[in-house]
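Here's the structure, in structure tokens; my notes come after.
Remember, it's 1-based here, ligands and their atoms both numbered in the order they're listed. Position 1 is the first residue of the sequence; numbering continues from there. Since we're looking at a predicted model, the values are computed, not measured.
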Amino acid sequence: MYSLETIISLAKRRGFVFQSSEIYGGLNGCWDFGPLGVELLRNIKEQWWQEMTYRDEIVGVDAAILMHPRTWEASGHLAQFTDPMIDNKTSKQRYRADNLIEDFIDRLEKKKKSEEAKKIREQLESVENNEDYYRIIIENEIPDPVSASKDWTEVRNFNLMFKTFIGPVEAASNTVYLRPESAQGMFVNFKNVMESARQKIPFGIAQIGKAFRNEINTKNFLFRTREFEQMEMQFFIKPGTEKEWFDYWLNERVNWYIKLGISKEKIKIKEHQKLAHYANFASDIEFEFSFGFGEIEGIHSRTDFDLKSHQEFSGKKMEFVDTVNNERYIPYVVESSGGVTRSFMAFLCNAYSEEEVEGENAKLEKRTVLRFHKKLAPITAAVFPLVNKDGMPELAHKIYKDLQKAIPVQYDTSGAVGRRYRRQDEAGTPYCITIDGQTLQDDSVTIRDRDSMAQIRINSSQIADYIAKELNS
Ligand code: GAP
């Protein structure tokens with residue numbers, strides 16, 4: 001498995017991801033997507049959107065990021081969307097208490113102190129409040145990883161929502177929050193959508209959009225950031241049918257990742273032991289990163305918690321009236337909540353590979369290749385003239401311009417053709433088209449496949465059809 005440093009280095013060098021505001025030293029927990037990154041991101045979102053909304057019973061919305069502050073009272077985020085925070089008095093470093101303990105357990109396990117690690121893990125599993133976290137840290141003499149000091153403050157709750165003010169007056173009454181999940185935009189619009197789209201239970205609402213969390217510790221590249229994007233779907237169902245729909249959506253969502261090239265062995269389903277305030281059961285879909293398995297998507301059975309709560313806080317009915325069976329009820333919800341940016345990282349890590357191949361003069365050379373699924377690859381094809389003379393650039397440029405009408409394509413004339421292949425391999429481009437001496441005679445070109453590196457020859461008039469067929473195979 002390749003280290004995160006290797007992936008981050010390629011991501012920066014090839015323009016997938018840059019540190020946010022890098023020229024000012026960066027802004028912790030925020031990242032910018034470069035020219036290749038933005039294409040990958042768009043492709044992931046497009047594949048998700050097609051998968052989720054190209055069916056009869058799911059429709060989309062795009063709700064505002066800023067919502068009425070009562071939303072967050074009703075959803076429970078104002079009171080409960082907190083992490084336990086602890087500060088080291090010597091280093092002034094701030095940690096999430098649970099992360100501090102987990103990292104300590106990991107270090108013990110690495111040192112083969114498994115009995116001690118097991119004891120602390122059991123303590124962690126039975127934590128009920130902040131005092132319990134504090135007791136574990138003090139009793140086990142957990143040191144600050146930075147300063148080794150064991151001088152800790154008490155554990156306090158830290159609300160993860162970013163606050164700002166609406167309008168010109170910075171008064172408490174004008175406080176609004178950057179949404180910490182896109183889900184609430186779908187719950188508050190439940191009635192609007194059901195009525196306008198003439199939907200009946202069961203049906204779903206899908207949304208892709210930014211979410212913000214003032215995480216205490218950001219870590220592992222795009223894994224835990226303060227600004228990120230989610231792709232979420234709320235499926236409204238009849239109470240009592242939640243187990244069956246939960247199993248259905250869990251299966252659908254796992255298959256989506258596998259269909260888009262994530263290796264089966266790198267996916268794990270983890271059932272939640274500790275449930276969020278809104279859920280009666282939940283599972284995470286995890287991907288194996290170099291630092292271990294980490295959640296990329298959660299499937300949550302949210303009961304009627306959200307709709308009931310919004311009904312109570314807004315005074316507006318959130319019921320479904322079933323005229324066929326002559327009954328009315330507040331629907332239950334099964335949610336699929338994926339991180340676009342976490343999936344981006346999973347797809348990137350999954351695609352990365354280094355191998356030795358035969359290069360120029362039959363010499364072995366290293367090739368770095370991103371084996372993205374064809375539909376996710378940022379650039380679909382690249383076009384090269386073999387040499388920059390004899391009319392080849394003109395022909396190649398025309399083919400490039402024709403292809404550009406339908407797919408993302410690059411034109412490259414610089415360096416030996418082998419080098420140009422390597423550049424495209426590193427970007428994950430599935431097809432490289434070369435215009436050579438034979439093209440001038442019979443209008444045929446070579447198409448080289450990124451993964452097998454095999455080349456076929458076809459007539460230049462067939463390139464667009466060939467690629468379209470390949471993308472849909
Ligand atoms: N609506 C439910 C919800 O938001 P969550 O488990 O808190 O549930 C869902 O988040 C997904 O959002 C996660 O599986 C992850 O992919 C992504 N996510 C959550 N926090 C994140 C963060 N700080 N940075 C990047 N992605 C995050």
Before accepting this row, confirm whether a basic side-chain N of the pair [X]/[Y] lies closer than 4.0 Å to the acidic partner's carboxylate O.
{"X": "R70", "Y": "E73", "value": "yes"}
{"X": "R302", "Y": "E181", "value": "yes"}
{"X": "K238", "Y": "E327", "value": "yes"}

### Message
Check contact between F287 and ligand 1, using heavy atoms of the residue and a distance below 4.0 angstrom.
### Response
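Outside the 4.0 Å threshold, so no.
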### Query
Does ligand 1 have any atom that is closer than 4.0 Å to a heavy atom of R302?
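Yes; R302 lies near enough to ligand 1 that a heavy-atom distance drops under 4.0 Å.
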Would you mind running through ligand 1 and noting each atom that sits below 4.0 Å from a heavy atom of [X]?
{"X": "E232", "answer": "1 (N), 2 (C), 3 (C), 4 (O)"}
{"X": "E181", "answer": "1 (N), 2 (C), 3 (C), 4 (O)"}
{"X": "E297", "answer": "14 (O)"}
{"X": "A183", "answer": "1 (N)"}

Give me the nearest non-hydrogen protein atom to [atom] as residue plus atom name, then the distance to 0.1 Å.
{"atom": "atom 18 (N) of ligand 1", "answer": "F228 CE1, 3.5 Å"}
{"atom": "atom 6 (O) of ligand 1", "answer": "E295 OE2, 3.1 Å"}
{"atom": "atom 24 (N) of ligand 1", "answer": "T225 N, 3.0 Å"}
{"atom": "atom 11 (C) of ligand 1", "answer": "S337 O, 3.6 Å"}
{"atom": "atom 12 (O) of ligand 1", "answer": "Q230 NE2, 3.2 Å"}
{"atom": "atom 17 (C) of ligand 1", "answer": "G339 CA, 3.8 Å"}

### Aromatic Y177 / basic K163 pairing, under 6.0 angstrom, 45° off normal
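No - K163 does not lie over the ring of Y177 by the 6.0 Å and 45° rule.
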### Query
Quick check: does any side chain N or O of K92 sit under 3.5 Å from a backbone N or O of K89, one acting as donor and the other as acceptor?
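Present.
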### Query
Looking only at atom types and distance, does a side-chain atom of R367 sit under 3.5 Å from a main-chain N or O of E355, one as donor and one as acceptor?
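Not at all, since once roles are kept as given, no pair shorter than 3.5 Å links the two residues.
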Less than 3.5 Å apart, which donor and acceptor atoms pair up between the side chains of residues 138-160 and the rest of the protein, not counting sequence neighbours?
residue: N140; atom: OD1; partner: K119; partner atom: NZ; Å: 3.4
residue: N140; atom: ND2; partner: Q123; partner atom: OE1; Å: 3.0
residue: N140; atom: ND2; partner: I136; partner atom: O; Å: 2.8
residue: D144; atom: OD1; partner: Y95; partner atom: OH; Å: 2.4
residue: D144; atom: OD1; partner: V146; partner atom: N; Å: 3.0
residue: D144; atom: OD2; partner: S91; partner atom: OG; Å: 2.5
residue: D144; atom: OD2; partner: S147; partner atom: N; Å: 3.4
residue: D144; atom: OD2; partner: S147; partner atom: OG; Å: 2.8
residue: S147; atom: OG; partner: S149; partner atom: N; Å: 3.2
residue: S149; atom: OG; partner: N88; partner atom: OD1; Å: 3.3
residue: S149; atom: OG; partner: N88; partner atom: ND2; Å: 3.4
residue: S149; atom: OG; partner: T90; partner atom: OG1; Å: 2.8
residue: S149; atom: OG; partner: D151; partner atom: N; Å: 3.1
residue: W152; atom: NE1; partner: I142; partner atom: O; Å: 2.9
residue: T153; atom: OG1; partner: D87; partner atom: N; Å: 3.0
residue: T153; atom: OG1; partner: D87; partner atom: O; Å: 3.3
residue: R156; atom: NH2; partner: D87; partner atom: OD2; Å: 2.6
residue: N157; atom: OD1; partner: N130; partner atom: ND2; Å: 3.1
residue: N159; atom: OD1; partner: M161; partner atom: N; Å: 2.9
residue: N159; atom: ND2; partner: H77; partner atom: O; Å: 3.2
residue: N159; atom: ND2; partner: L78; partner atom: O; Å: 3.0

Selected option - heavy-atom contact closest to [atom], from [options]:
{"atom": "atom 25 (C) of ligand 1", "options": "F344, Y278, F223, F212", "value": "F223"}
{"atom": "atom 8 (O) of ligand 1", "options": "M231, R342, H300", "value": "H300"}
{"atom": "atom 5 (P) of ligand 1", "options": "E335, M345, R213, E215", "value": "R213"}

### Message
Ring centroids only, cut at 6.0 angstrom: are F289 and F287 within range, meaning strictly under it?
### Response
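Between F289 and F287, the centre distance is under 6.0 Å.
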### Query
Does an N or O from I296, backbone or side chain, lie closer than 3.5 Å to an N or O of ligand 1?
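Among all N and O atoms of I296, at least one is under 3.5 Å from an N or O of ligand 1.
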### Query
In chain order, what residues pass the side-chain hydrogen bond (donor to acceptor under 3.5 Å, both in side chains) check against K210, with sequence neighbours excluded?
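So K210 forms a side-chain hydrogen bond (donor to acceptor under 3.5 Å, both in side chains) with E227.
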#### Entry: Option among F16, F344, F18 that satisfies the ring-ring contact (aromatic ring centres under 6.0 Å, His included) test with F33
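Result for ring-ring contact (aromatic ring centres under 6.0 Å, His included) with F33: F344.
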